[in-house]
Student: 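Quick one: the structure is below, and I'll ask about it shortly.
To find a chain, count down the sequence lines: A is the first, B the second, and so on, and within it residues start at 1.
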2 protein chains.
Amino acid sequence: MSSTIPAPERNTPRQPLSRREVIDAAIGIVDTQGFDALSMRGLAQELNVYPSAIYWHAGNKAQLLSLVYQRLMEDIQLPDPETLSWDEWILTSASAVRTEFGKHPDLAARWGSQLQVTSSGLEFAEQVLKVLSRGGFSDVQLPLAYNTVSAAIFGWITAEFATEPADAEEEWRTYLEKHVSESITQLPTINQHRNSLLNQAFSLRWESGQKAPLKASFEFSMRVMVEGLKRLKV
Amino acid sequence: MSSTIPAPERNTPRQPLSRREVIDAAIGIVDTQGFDALSMRGLAQELNVYPSAIYWHAGNKAQLLSLVYQRLMEDIQLPDPETLSWDEWILTSASAVRTEFGKHPDLAARWGSQLQVTSSGLEFAEQVLKVLSRGGFSDVQLPLAYNTVSAAIFGWITAEFATEPADAEEEWRTYLEKHVSESITQLPTINQHRNSLLNQAFSLRWESGQKAPLKASFEFSMRVMVEGLKRLKV
DNA sequence: ACCTGAACACCGTTCAAGT
DNA sequence: ACCTGAACACCGTTCAAGT
């Protein structure tokens with residue numbers, strides 16, 4: 001009856017923590033509890049280690065976030081450049097990026113704040129530049145076109161998945177809905193198109209893209225970008 | 001010799017704090033010390049009050065940030081819709097937004113994370129919608145075109161001013177520069193156009209738009225958007 | 001190499017109490 | 001109405017020390 005078998009302190013008799021485990025756990029926390037819920041201490045607890053163990057594997061919090069975004073970039077499945085025309089390739093790629101980041105809306109919403117030179121970012125750039133170059137953009141236009149494509153895709157996603165404050169209770173949400181509905185009676189154009197705008201247009205939404213996707217607008221926006229590029233290509 | 005005049009604890013024999021003062025001080029801290037340096041406690045100290053005084057005027061930190069972004073939106077000087085064609089109005093407005101947010105790059109970089117229905121946001125939307133409507137966009141296209149314009153402008157700015165990590169020392173910067181320069185030797189298209197891409201294209205920059213503006217790309221990007229809209233307008 | 005254990009210097013937020 | 005003063009429950013990060 002005496003306890004001969006000591007209870008294991010951890011569910012798995014763990015082998016050393018890996019950087020990958022740390023990154024995955026961080027993504028998991030953001031996805032389930034929100035961006036603001038990610039803390040080095042909470043992450044350590046989740047992994048049954050002391051906080052300083054995290055620092056050993058992933059540097060500090062800023063570097064950890066950089067690694068997280070690298071991971072997401074790596075998971076994006078870009079289409080084959082050989083089988084598509086440049087404009088079709090861009091449209092397909094844009095959808096692929098949106099699909100991947102749509103799985104992690106709280107991270108997508110903060111993509112903007114990340115300016116980091118990463119290997120996965122460089123490979124994405126190489127791909128886009130190659131396709132545009134083959135598409136016939138001149139040497140002077142190439143950087144301009146590339147920046148346009150990048151900003152159009154990632155800028156859109158940042159905006160679409162921008163998150164409501166985490167502490168927004170149901171009460172607050174219904175208040176917002178009411179507030180918008182009332183304010184716009186003073187704004188004739190909005191009011192006239194209220195049915196097609198409410199909760200479906202920027203500044204007029206009370207839910208993020210996670211709950212109220214803007215798929216039609218996204219596709220229109222990407223087509224606008226591609227058609228504009230065609231027209232300005234020299 | 002005895003001190004008869006008590007030293008004032010504050011430089012001004014202050015009248016009550018105003019919400020506006022709090023917001024202005026918050027913007028000041030972000031502009032001078034960076035986004036991460038903004039804390040409710042630091043802000044309180046700057047204003048010579050206890051932290052709880054801030055809460056009285058501006059709610060919590062999330063609400064304070066919302067107020068900050070409202071303030072920036074209000075400061076944007078949009079052109080007169082009567083004197084310009086719809087496409088010129090959009091190009092001029094886009095530049096106005098970029099100019100205003102360029103004064104506060106650390107806030108611009110985090111614009112994306114803000115999803116809040118605000119009165120200044122609604123007014124911006126009304127203006128854009130009015131111009132597009134007069135421009136001849138159909139009822140079904142109006143929300144799509146509006147979302148496209150909004151995301152193109154604000155998404156771009158978020159990306160352009162995305163900030164490097166605050167703790168980036170000079171050493172780190174030169175390391176990045178070297179790292180990029182070396183990595184791209186394996187990436188033929190990037191390598192071929194390295195002179196026009198390095199520090200001037202997304203994912204290939206080691207400085208934010210504050211230090212290395214992307215003005216030419218911004219203007220090209222906005223023209224692409226406008227030309228695309230013209231082409232898809234029905 | 002990988003992690004423990006503890007410490008330091010901070011945070012955001014709440015709340016009773018003052019004036 | 002506007003703020004003080006103090007408390008609570010957290011943070012990120014560092015560093016010596018262990019194995």
Student: Side chain of B:Trp56 only, heavy atoms from C-beta on: which candidate in D:dC3, D:dA7, C:dT14 is closest?
Tutor: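 Among the listed nucleotides, the one closest to the side chain of B:Trp56 is D:dC3.
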Student: Using a cut-off of strictly less than 4.0 Å, decide whether A:Tyr50 has a side-chain nitrogen or oxygen near OP1 or OP2 of C:dG5.
Tutor: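 Looking at the OP1 and OP2 atoms of C:dG5, one of them is under 4.0 Å from a side-chain N or O of A:Tyr50.
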Student: Is the closest side-chain donor-acceptor distance between B:Thr158 and B:Arg110 under 3.5 Å?
Tutor: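 Per modelled atom types, B:Thr158 and B:Arg110 side chains form no pair under 3.5 Å.
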Student: If you measure from the P atom in D:dA9 to the same atom in C:dA9, how many Å do you get, rounded?
Tutor: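 So the two P atoms sit 22 Å from each other.
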Student: Can you find a side chain N or O atom of A:His57 that sits less than 4.0 Å from OP1 or OP2 on C:dC3?
Tutor: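 Result: yes.
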Student: Between D:dG12 atom P and A:Leu38 atom CG, what is the distance in whole Å?
Tutor: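 Interatomic distance, CG of A:Leu38 to P of D:dG12: 8 Å.
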Student: Any donor-acceptor pair, under 3.5 Å, between the side chain of A:Ser39 and the base of D:dG12, if you only look at N and O atoms?
Tutor: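 Absent.
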Student: Is the shortest distance from a Lys or Arg side-chain nitrogen in A:Glu219 or A:Lys215 to a carboxylate oxygen in the other one below 4.0 Å?
Tutor: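 A:Lys215 and A:Glu219: salt-bridged.
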Student: Quick check, are the ring centers of A:Phe154 and A:Phe124 under 6.0 angstrom apart?
Tutor: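 Centroid distance A:Phe154-A:Phe124: below 6.0 Å, so yes.
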Student: A:Leu64 CG to D:dG12 C1': how many Å, rounded?
Tutor: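 Result: 12 Å.
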Student: Send over the distance from A:Leu43 CG to D:dC11 P, rounded to a whole Å.
Tutor: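 The distance from CG of A:Leu43 to P of D:dC11 comes to 11 Å, rounded to the nearest Å.
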Student: Return the value, rounded to whole Å, for the distance between atom CD of B:Gln33 and atom C1' of C:dC11.
Tutor: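 Result: 15 Å.
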Student: Counting side-chain heavy atoms from CB outward, which of D:dC3, D:dT13, C:dT4 is closest to B:Pro16?
Tutor: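 Side chain of B:Pro16 sits closest to D:dC3.
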Student: Under 3.5 Å for both donor-acceptor distances, Watson-Crick or wobble: does D:dT4 have a partner, and if so which one?
Tutor: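 Paired with C:dA16.
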Student: Quick one: A:Ile54 CD1 to C:dG5 C1', roughly how many Å, whole number?
Tutor: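 Rounded to the whole Å, the gap is 15 Å.
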Student: Quick check for you: among C:dT13, D:dC11, D:dC15, whose closest atom lies nearest to any side-chain atom of B:Met40?
Tutor: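 Among C:dT13, D:dC11, D:dC15, the one nearest the side chain of B:Met40 is C:dT13.
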Student: Could you pick out which residue, B:Tyr55 or B:Ser52, lies toward the 5' side of DNA chain C when each is mapped onto its nearest nucleotide?
Tutor: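 Result: B:Tyr55.
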Student: Could you walk me through whether B:Phe101 and B:Trp156 pass the ring pair (Phe, Tyr, Trp, His ring centres under 6.0 Å) test, one step at a time?
Tutor: CA-CA 11 Å; B:Phe101 273 87; B:Trp156 174 279; over 10 Å; no
Student: Considering every strand shown, what is the Watson-Crick or G-U wobble mate of D:dC10 when both distances are under 3.5 Å?
Tutor: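 Matched D:dC10 with nothing under the 3.5 Å cut-off.
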Student: Once you round it to whole Å, what is the distance between P of D:dG12 and CG of A:Asp36?
Tutor: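 Roughly 11 Å, once rounded to whole Å.
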Student: Could you tell me how far apart B:Ile29 (CD1) and C:dC11 (P) are, to the nearest whole angstrom?
Tutor: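 After rounding, the gap between these two atoms is 10 Å.
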Student: Separation of B:Arg41 atom CZ from D:dG5 atom P, in whole Å?
Tutor: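 Between P of D:dG5 and CZ of B:Arg41: 14 Å.
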Student: Would you mind checking if A:Arg71 and A:Asp24 are paired as a salt bridge, meaning a charged N to carboxylate O distance below 4.0 Å?
Tutor: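 A salt bridge is present here (some side-chain N lies under 4.0 Å from a carboxylate O).
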